[in-house]
There are 2 protein chains.
Amino acid sequence: MDLASVEGLEGITIGRLASELAMSKSGLIGRFGDKETMQRAVLAAAIDRFIAAVWQPASRAAPGLPRLEAIVDAWVEHLRSGVFPGGCFVTTASVEYDARPGPLRDDVAAAVKRWLGVLEVQARRARDAGDLPADRDPADVAFELHSLASGGSVAGRVLGDDEALDRVHAAMRRAIGLPPLN
Amino acid sequence: MDLASVEGLEGITIGRLASELAMSKSGLIGRFGDKETMQRAVLAAAIDRFIAAVWQPASRAAPGLPRLEAIVDAWVEHLRSGVFPGGCFVTTASVEYDARPGPLRDDVAAAVKRWLGVLEVQARRARDAGDLPADRDPADVAFELHSLASGGSVAGRVLGDDEALDRVHAAMRRAIGLPPLN
DNA sequence: TTACAGGACGAACGATCGTTCTGTATAAAT
DNA sequence: ATTTATACAGAACGATCGTTCGTCCTGTAA
């Protein structure tokens, strides 16, 4: 995962990864069968880590706006933590496969769709509870949050801008009608 | 540019590009010297195309909010046009090099910084004219617009969602306080 | 004591990578 | 008309790519 977050899933090389793991190429690939299966396993592992870091703690908050706020906080904190030295894994994979059909693209799309669904459900609950404007489309809210996190973290990384994630956080809170943090 | 927008700048291969251009490998690389110089030339050409498609028409609008609106409209239209079969070039390059130092990373960072500067200037003008709230940070506005365009277009591509750019457009207009389009 | 499954190894496969060198043909300059 | 420069083809280079092969070692079951 570390290697792929920097070089991309497509940038993983059996030879290099094997030497990084102090294994032989054949010993490594024997675990998965072929490279694509290994890439899918890496992606699945990274998604699990995201869920554990963001969804799991946030799911303890009350449904609706409180949970949405908890998600946003955990999300930004996850991006800030630097668990992946190369930035958000799914964003990297999205860019890599958005124009390249195949199982990996399907896996990435499924993961993004699932996450957007989670966000949309909470946005709808928030709207039904009166915590979001009645004319606000929950799917719009979900898509906007995802776009900000994805695009913002990439821009911050390439610029080397430490304040970027603060801006992302502020924009996400603004998107769901929460007041600035301070 | 077509090839790189799909496979990424790092995914360009001298052999493949040469055969796509019906040239020999040596004939192609002879033009640039080495691969990295060629990649930088491709990136520069893509940036020129972006400027021509987005900034040039928008620069005819009055400074401040009108110009910001023109930029947003042209920007979304540029993303919609599909000039690059693999999506926004600078976003792809940002993800590829955000964790990989070198001249290409520097080029990408410089381009993003320059564009954010353009957006920030117009946001400040809009704020000074009273078209944006006085407590709204122009740099925040610039960063938010960039994040939405970048992250939103990628998400839309990987999901195969045709409405995605409409959502991006709406979110960008919302970010600068403009009313929904209809 | 034997049989066998699983994991990992080193070696090798053909293919492709980026780069370099040499030769030739065309166009420009003298 | 002759020289010079440029553009490109062709061949070859060492390196690395993903994959496959046969072999060995270890641990468990019969």
Side-chain angles (χ1 to χ4, degrees), chain A residues 1-48 84-86 89-90 92-108, chain B residues 1-48 84-86 89-90 92-108:
Chain A
M1 283 190 277
D2 286 349
L3 184 55
S5 92
V6 173
E7 309 283 349
L9 275 171
E10 210 62 29
I12 298 182
T13 260
I14 312 252
R16 181 164 167 205
L17 177 57
S19 93
E20 209 123 333
L21 296 173
M23 288 180 69
S24 66
K25 291 202 295 175
S26 52
L28 169 62
I29 203 61
R31 296 286 200 97
F32 302 96
D34 58 18
K35 188 187 180 184
E36 190 178 80
T37 305
M38 182 189 74
Q39 291 171 312
R40 298 181 70 181
V42 171
L43 177 61
I47 292 170
D48 284 347
F84 297 132
F89 212 96
V90 173
T92 303
S94 293
V95 169
E96 280 188 284
Y97 298 106
D98 66 356
R100 219 182 308 181
L104 273 159
R105 186 206 145 104
D106 297 341
D107 287 351
V108 175
Chain B
M1 281 189 280
D2 285 350
L3 184 55
S5 92
V6 172
E7 309 282 350
L9 276 171
E10 211 60 30
I12 299 182
T13 260
I14 312 252
R16 181 163 167 207
L17 178 57
S19 92
E20 209 124 331
L21 297 172
M23 287 181 70
S24 67
K25 292 202 293 174
S26 56
L28 168 63
I29 203 63
R31 294 289 200 94
F32 302 96
D34 59 17
K35 189 189 180 185
E36 190 177 82
T37 306
M38 182 189 73
Q39 291 171 311
R40 297 181 69 180
V42 172
L43 176 61
I47 291 171
D48 284 347
F84 297 131
F89 212 96
V90 173
T92 303
S94 293
V95 169
E96 280 188 283
Y97 298 106
D98 66 356
R100 218 182 307 182
L104 274 159
R105 186 206 145 104
D106 297 341
D107 287 352
V108 175

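Small disclaimer: the values here were computed from a predicted structure and weren't measured. Numbers restart at 1 for each chain; the letters A, B, ... are given by sequence-line order, proteins then strands. Side chains included, hydrogens not; waters and symmetry mates left out as well; all remaining heavy atoms used.
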**Q** Can you name the nearest heavy-atom pair linking S5(B) to G86(B), along with the distance?
**A**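 Heavy-atom minimum between the residues: OG-N, 2.7 Å.
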**Q** Between dC17(D) atom C1' and K35(A) atom NZ, what is the distance in whole Å?
**A** 8 Å
**Q** So Y97(A) and D106(A), do their side chains get closer than 4.5 Å, heavy atoms only?
**A** no
**Q** Any chance you could measure E20(A), atom CD, to T13(A), atom OG1, to the nearest 0.5 Å?
**A**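 Taking CD in E20(A) and OG1 in T13(A), the distance rounds to 11.0 Å.
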**Q** Heavy atoms, side chains only, cut-off 4.5 Å: are F84(B) and T92(B) in contact?
**A**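 No, too far: nothing below the 4.5 Å cut-off.
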**Q** Rounded at 0.5 Å granularity, tell me how far CZ in R31(A) sits from OG in S26(A).
**A**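 It is 12.0 Å, given to the nearest 0.5 Å.
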**Q** Need to verify one output field. Residue with the more 5' nearest nucleotide on DNA chain D, G33(A) or T13(A)?
**A** T13(A)
**Q** Tell me the interatomic distance from I14(B), atom CD1, to dA12(D), atom P, rounded to whole angstroms.
**A** 20 Å
**Q** Atom CD1 of I29(A) to atom P of dC17(D): distance rounded to whole Å?
**A**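 My rounded result for the distance is 13 Å.
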**Q** Testing the basics here: between R105(A) and P101(A), what is the closest heavy-atom pair and its distance to 0.1 Å?
**A** CD-CA, 3.8 Å
**Q** Just the rounded figure in Å: distance from P of dC17(D) to CG of L17(A).
**A** 11 Å
**Q** What is the distance, to the nearest angstrom, from the CD1 atom on I12(A) to the P atom on dG18(D)?
**A** 10 Å
**Q** Let me confirm one number: the CD-CD distance from E7(A) to E96(B), rounded to the nearest 0.5 Å.
**A** 10.5 Å
**Q** Identify, residue by residue, the members of residues 2-9 of chain A with a heavy atom below 4.0 Å from DNA chain D, and return them in order of residue number, or none.
**A** none
**Q** Tabulated below should be each protein N or O lying under 3.5 Å from an N or O of nucleotides 7-11 of chain D; please produce it.
**A**
residue: dC8(D); atom: OP1; partner: R31(B); partner atom: NH2; Å: 3.0
residue: dC8(D); atom: OP2; partner: R31(B); partner atom: NE; Å: 2.3
residue: dC8(D); atom: OP2; partner: R31(B); partner atom: NH2; Å: 3.1
residue: dA9(D); atom: OP2; partner: S24(B); partner atom: N; Å: 2.6
residue: dA9(D); atom: OP2; partner: S24(B); partner atom: OG; Å: 2.6
residue: dA9(D); atom: N7; partner: S26(B); partner atom: OG; Å: 3.1
residue: dG10(D); atom: N7; partner: S26(B); partner atom: OG; Å: 3.3
residue: dG10(D); atom: O6; partner: S26(B); partner atom: OG; Å: 2.7

**Q** Using five pairs at each end of the helix from dT1(C)-dA30(D) to dT30(C)-dA1(D) to define an axis, what is the angle between those two axes, to 10°?
**A** 0°
**Q** To the nearest angstrom, how far is E10(B) atom CD from dG18(C) atom C1'?
**A** 12 Å
**Q** Give, for atom CE of M38(B) and atom CG of L43(B), the distance between the pair rounded to the nearest 0.5 Å.
**A** 12.0 Å
**Q** Rounding to a whole Å, what distance do you find between F32(B):CZ and dG18(C):C1'?
**A** 15 Å
**Q** Would you give the length of the straight line joining atom CG of L104(A) to atom CD of Q39(A), rounded to the nearest 0.5 angstrom?
**A**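 Between L104(A) CG and Q39(A) CD, I get 5.0 Å after rounding to 0.5 Å.
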**Q** At what distance, to the nearest 0.5 angstrom, does OG1 of T37(B) lie from CD1 of I29(B)?
**A**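 So the OG1 of T37(B) and the CD1 of I29(B) are separated by 8.0 Å.
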**Q** What is the nucleic acid contact for L21(A), judged by heavy atoms within less than 4.0 Å: base, sugar-phosphate only, or nothing?
**A**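 The residue L21(A) makes no contact with any strand.
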**Q** Is there a side-chain contact between I47(A) and V90(A) (heavy atoms, below 4.5 Å)?
**A** yes
**Q** Between atom CG in D34(A) and atom C1' in dT19(D), what is the gap in whole Å?
**A**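 After rounding, the gap between these two atoms is 9 Å.
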